[in-house]
Amino acid sequence: MRILIVASYNKNRFAPFIVEQAEALKRQGCEIEYLGLQGKGIKGYLKNLPALRRCIRAFRPDVVHAHYGLSGLLANLQRCAPVVTTYHGSDINDNKALRFSKMAMRLSAWNIFVSRKTLDIAQPKKHFSLLPCGIDLCEVQMTEKSEARLKMKLDEKKKYVLFAGAFDNAVKNAPLAKETVSLFQDDNVELLELKDYSREEVTLLMCAADSFLMTSLTEGSPQVIKEAMACGCPIVSVDVGDVKERVEGVEGCYVATTREPQELVLLLQKAFDFQGKTKGREKIIVDGLDNSQMADKLMSLYNIVMKS
């Protein structure tokens, strides 16, 4: 099966979760080709149309899998191969982006939504699935806290709260996280920014932290939550995206009922008191969110699209 992946390449790289999903498909025997899109907005994306057509003529894919609504809209401006479009959240939660995503939905052979909330907003009429992106499970995620702290040169005596992104990413809502941690009035509690680390270093930080904190304004199905779960890191989050569903039943993981820093402080204290790794990794497997499991689901979906 030949799959053409169409996605943004504005940062001179594809999002890691897109590459990891594609690599899982390769392991299932798929032949993968990528088309990286550069440009902003609908006009910027339309400039990639000649490249899309050249790529399809050369590669002759069985299915085009586009990631995000604008990519899906562009991918459908050819009718040689059926298009599957995955919507990741920012293309649904933003009203301007939603308009283009709805166009892509009508044109795509199949639509994938990564969370129930985005599905409810989009309200597709037919040919859709609720299918969160999976993650890779690896040995590094099993690293014990003390060993991870040693490798990352972190103080064994401090309480570390790992923030779910970069402080300068407005959607991640760093001010709420900073206010929350400041309420501890304790120099031993430190908020760590998740920025400029390698993939392995991010994993080690998740193993080393006392809690992972998400305060985002909007999300789809955040990969970092699943990755923190795979590392057994206790999680505290506002009710955003599909976080509540993902961590449901996992002791040591808590979803706030408000966005008040006082409540988040209480939940962080509960996370600090939790001993050892959570059972988040087991929940990932039960929910079928290991990329090897996800590849099986995508292959079945591709087969449906090819036969329709």
Side-chain angles (χ1 to χ4, degrees), residues 15-25 27-28 88-89 114-116 130-152 154 156 159-165 192 194 197-214 216 219-256 267-268 270-298:
F17 61 86
I18 293 174
V19 175
E20 288 168 4
Q21 185 179 94
E23 289 300 312
L25 288 167
R27 292 192 291 271
Q28 296 284 25
H88 292 276
V114 297
S115 74
R116 172 62 59 182
L130 173 58
L131 199 63
C133 288
I135 63 166
D136 286 342
L137 296 180
C138 63
E139 286 299 315
V140 179
Q141 294 160 345
M142 307 294 287
T143 307
E144 292 299 326
K145 181 186 288 187
S146 58
E147 182 183 349
R149 289 197 174 194
L150 186 63
K151 289 182 176 180
M152 295 304 295
L154 297 178
E156 189 66 37
K159 296 292 185 185
Y160 288 104
V161 178
L162 185 59
F163 181 61
L192 297 178
L194 196 57
Y197 291 105
S198 69
R199 295 289 281 167
E200 182 170 338
E201 287 171 336
V202 168
T203 300
L204 288 171
L205 284 173
M206 288 176 171
C207 293
D210 296 283
S211 180
F212 187 84
L213 177 62
M214 174 166 279
S216 302
E219 290 284 352
S221 178
Q223 292 297 99
V224 287
I225 288 291
K226 299 167 205 166
E227 289 162 3
M229 290 174 67
C231 294
C233 183
I235 293 167
V236 173
S237 177
V238 295
D239 188 3
V240 66
D242 68 346
V243 177
K244 183 183 287 187
E245 181 182 356
R246 295 280 71 83
V247 305
E248 184 179 9
V250 180
E251 188 179 354
C253 295
Y254 311 97
V255 177
L267 295 180
L268 280 174
K270 292 176 71 174
F272 291 165
D273 293 339
F274 184 82
Q275 298 298 311
K277 287 182 177 286
T278 73
K279 299 292 184 182
R281 188 182 189 86
E282 289 83 344
K283 179 70 160 29
I284 291 292
I285 296 170
V286 168
D287 287 350
L289 294 175
D290 174 12
N291 265 328
S292 62
Q293 298 168 294
M294 195 56 57
D296 288 336
K297 297 174 185 177
L298 286 172

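From a predicted model like this one, the values you see are computed outputs, not experimental measurements. Heavy atoms only: backbone and side chains are in, while hydrogens, waters and symmetry mates are out.
Counted within 6.0 Å of CD on Q28, heavy atoms from surrounding residues, nucleotides or ligands total more than 12; the atom is thus considered enclosed. Counted within 6.0 Å of CD on E156, heavy atoms from surrounding residues, nucleotides or ligands total more than 12; the atom is thus considered enclosed. Around the CE atom of M142, the shell of radius 6.0 Å holds no more than 12 heavy atoms that belong to other residues, nucleotides or ligands. Heavy atoms from other residues, nucleotides or ligands lying under 6.0 Å from CD of E282 number more than 12.
Within the 4.5 Å cutoff, no side-chain heavy atoms of K283 are placed close to those of V247. In this structure, the side chains of L194 and F163 stay at 4.5 Å or more apart for every pair of heavy atoms. Between I285 and L137, the closest side-chain pair of non-hydrogen atoms falls below 4.5 Å.
Residues passing the side-chain hydrogen bond (donor to acceptor under 3.5 Å, both in side chains) test with K145, sequence neighbours excluded: D210. Scored by the side-chain contact (heavy atoms from CB on, under 4.5 Å) test, E147 finds T143, K151 as partners (sequence neighbours excluded). Residues passing the ring-ring contact (aromatic ring centres under 6.0 Å, His included) test with Y160: none are found, sequence neighbours excluded. With sequence neighbours left out, E245 forms a side-chain contact (heavy atoms from CB on, under 4.5 Å) with D242.
For P222 against V243, the heavy-atom pair with the smallest separation is CG-CG2, 3.8 Å. Taking all atoms of both residues into account, the shortest heavy-atom contact from L192 to L205 is CD1-CD2, 4.2 Å.
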Can you give each donor-acceptor pair under 3.5 Å made by side-chain atoms of residues 226-234, sequence neighbours left out, with the distance rounded to 0.1 Å?
| from | atom 1 | to | atom 2 | distance (Å) |
| --- | --- | --- | --- | --- |
| K226 | NZ | C133 | O | 2.7 |
| K226 | NZ | S221 | O | 3.4 |
| K226 | NZ | S221 | OG | 2.9 |
| K226 | NZ | Q223 | OE1 | 2.7 |
| E227 | OE2 | R199 | NH2 | 3.4 |

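A ring pair (Phe, Tyr, Trp, His ring centres under 6.0 Å) check over residues 131-150, counting only residues at least two apart or in different chains, returns nothing.
Residue F212 forms a side-chain contact (heavy atoms from CB on, under 4.5 Å) with just one option from V236, V161, I225, and that option is I225.
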